[in-house]
Amino acid sequence: MGRGYFTREAVEAIHAHLDEQLGKTGVRFDRYYVCPHHPEDNCDCRKPKPKFLLEAAREYGLDLTRCFMVGDRPSDIQAGVTAGTKTILVLTGAGRETLAKQEVNPDFVAEDIGGAATWILKRNS
C-alpha cells in the first residue's frame with residue numbers, strides 16, 4: 001500500500017484468499033497487521049521495526065520467545081529477531097535472493113510455508 005503496489009482493496013482480497021485457502025486446513029487468522037506507510041515515512045509500524053509483533057503479543061497474550069516470524073525478506077527476519085521470536089526464511093518470493101545475500105541469519109530456512117509449518121510443528125510436539 002505505502003509503495004503503491006497494492007490498493008487497500010487488493011490487500012483485503014489477498015487476506016480473504018488466505019482465509020479461504022488456509023481455512024480449508026484448519027488455519028484461522030485472528031487479525032492482519034498492515035503498514036500503510038511508504039518506507040520514507042519512517043513510521044513505527046514498518047518492518048524491520050517490530051511494532052506489530054509487540055502489539056500482537058500484548059493483544060493476544062503471546063510469549064514471543066515461543067512464537068515464529070516467517071518471511072521471505074530481510075526485514076521480516078530482522079523484525080522477528082528484534083521482537084525475540086524464532087525466525088524462518090521461506091525460499092518462495094524473495095527468499096532465495098535474501099538467502100544468497102546472507103544479510104540475515106534465520107533460525108531455519110524452509111522451501112515454502114508448508115516446510116515452515118512442518119518445522120514449527122516438529123519443534124512444538
Side-chain angles (χ1 to χ4, degrees):
M1 289 178 1
R3 292 180 189 223
Y5 298 151
F6 301 100
T7 63
R8 179 168 296 281
E9 294 78 20
V11 170
E12 289 171 359
I14 292 167
H15 293 163
H17 181 73
L18 286 170
D19 290 342
E20 178 186 340
Q21 294 300 309
L22 294 175
K24 294 175 185 176
T25 65
V27 172
R28 181 178 58 89
F29 294 97
D30 291 323
R31 180 172 172 201
Y32 290 96
Y33 297 82
V34 178
C35 172
H37 305 107
H38 189 277
E40 293 175 4
D41 292 341
N42 197 29
C43 65
D44 289 337
C45 57
R46 192 166 189 91
K47 295 176 291 183
K49 295 176 183 172
K51 177 183 179 180
F52 285 149
L53 296 172
L54 301 174
E55 191 173 306
R58 279 191 306 277
E59 289 178 15
Y60 296 100
L62 304 174
D63 174 357
L64 288 173
T65 65
R66 298 183 66 221
C67 293
F68 299 84
M69 178 62 173
V70 180
D72 67 335
R73 298 187 181 275
S75 61
D76 299 322
I77 303 307
Q78 291 165 353
V81 168
T82 302
T85 70
K86 291 167 191 67
T87 57
I88 302 172
L89 176 69
V90 288
L91 297 180
T92 51
R96 291 192 190 284
E97 180 182 336
T98 298
L99 183 65
K101 290 182 179 179
Q102 298 181 347
E103 296 173 339
V104 293
N105 187 26
D107 294 300
F108 184 69
V109 176
E111 193 64 35
D112 53 25
I113 192 71
T118 298
W119 188 76
I120 291 168
L121 292 172
K122 283 182 181 176
R123 289 185 55 91
N124 289 334
S125 61

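Nothing here was measured: the structure is a model prediction, and the numbers come from that model.
Pairs passing the ring-ring contact (aromatic ring centres under 6.0 Å, His included) check and including a residue from residues 70-103, sequence neighbours excluded, do not occur. Identified under the ring-ring contact (aromatic ring centres under 6.0 Å, His included) test for residues 82-103, with sequence neighbours left out: none. Residue pairs that meet the salt bridge (charged side-chain N to carboxylate O under 4.0 Å, His left out) test with at least one member in residues 24-36, sequence neighbours left out, are R28-D30, R31-E55, R31-E59. Among residues at least two apart or in separate chains, salt bridge (charged side-chain N to carboxylate O under 4.0 Å, His left out) pairs with a member in residues 62-83 are K47-D76.
Shortest non-hydrogen contact noted between M69 and G80 is CB-CA, 3.8 Å. Summarising the geometry of D41 relative to H37, their closest heavy-atom pair is OD2-CB, 3.4 Å, with the distance given to 0.1 Å. Here the shortest heavy-atom pairing between I77 and G71 reads CD1-O, 4.3 Å. Contact record, L89 with G95: CD2-O, 3.9 Å, taken as the closest heavy-atom pair. Of all the heavy atoms in F52 and C45, the pair that sits closest is CZ-CB, 3.4 Å.
Counting heavy atoms from C-beta on, the side chains of K51 and C43 never come closer than 4.5 Å.
With sequence neighbours left out, A83 forms a side-chain contact (heavy atoms from CB on, under 4.5 Å) with P50, L53, L54, L64, T85. Take D112 and apply the side-chain contact (heavy atoms from CB on, under 4.5 Å) test, not counting sequence neighbours, and it matches T92. For E97, the side-chain hydrogen bond (donor to acceptor under 3.5 Å, both in side chains) partners are K101, not counting sequence neighbours. For Y32, the ring-ring contact (aromatic ring centres under 6.0 Å, His included) partners two or more places apart in sequence, or in a different chain, are H15, F29. Legend: residues meeting side-chain hydrogen bond (donor to acceptor under 3.5 Å, both in side chains) with K86, ordered by chain and number and at least two apart, are absent. Considering only residues two or more places apart in sequence or on other chains, A10 meets the side-chain contact (heavy atoms from CB on, under 4.5 Å) condition with F6, T7.
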Table please: side-chain donor-acceptor pairs of residues 102-111 below 3.5 Å, with sequence neighbours left out.
| residue | atom | partner | partner atom | Å |
| --- | --- | --- | --- | --- |
| D107 | OD2 | T87 | N | 2.7 |
| D107 | OD2 | T87 | OG1 | 3.4 |
| E111 | OE2 | R96 | NH2 | 2.2 |

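The hydrophobic clustering, which links ILVMFWY residues whose side-chain heavy atoms are closer than 4.5 Å, places L99 and W119 apart. Placement of L91 and I113 in two distinct hydrophobic clusters is found when ILVMFWY residues are connected by side-chain heavy-atom separations under 4.5 Å, directly or transitively. Side-chain heavy atoms closer than 4.5 Å link hydrophobic residues (I, L, V, M, F, W, Y) into clusters, and following such links, even through other members, never connects L18 to Y33. In the hydrophobic clustering of this structure, I120 groups with V90; members are Ile, Leu, Val, Met, Phe, Trp, Tyr whose side-chain heavy atoms approach within less than 4.5 Å, directly or through other members.
More than 12 heavy-atom neighbours from other residues, nucleotides or ligands sit within 6.0 angstrom of CD on Q21.
Checked by atom type and distance alone, the side chain of T25 pairs as donor or acceptor with a backbone atom of L22 at under 3.5 Å.
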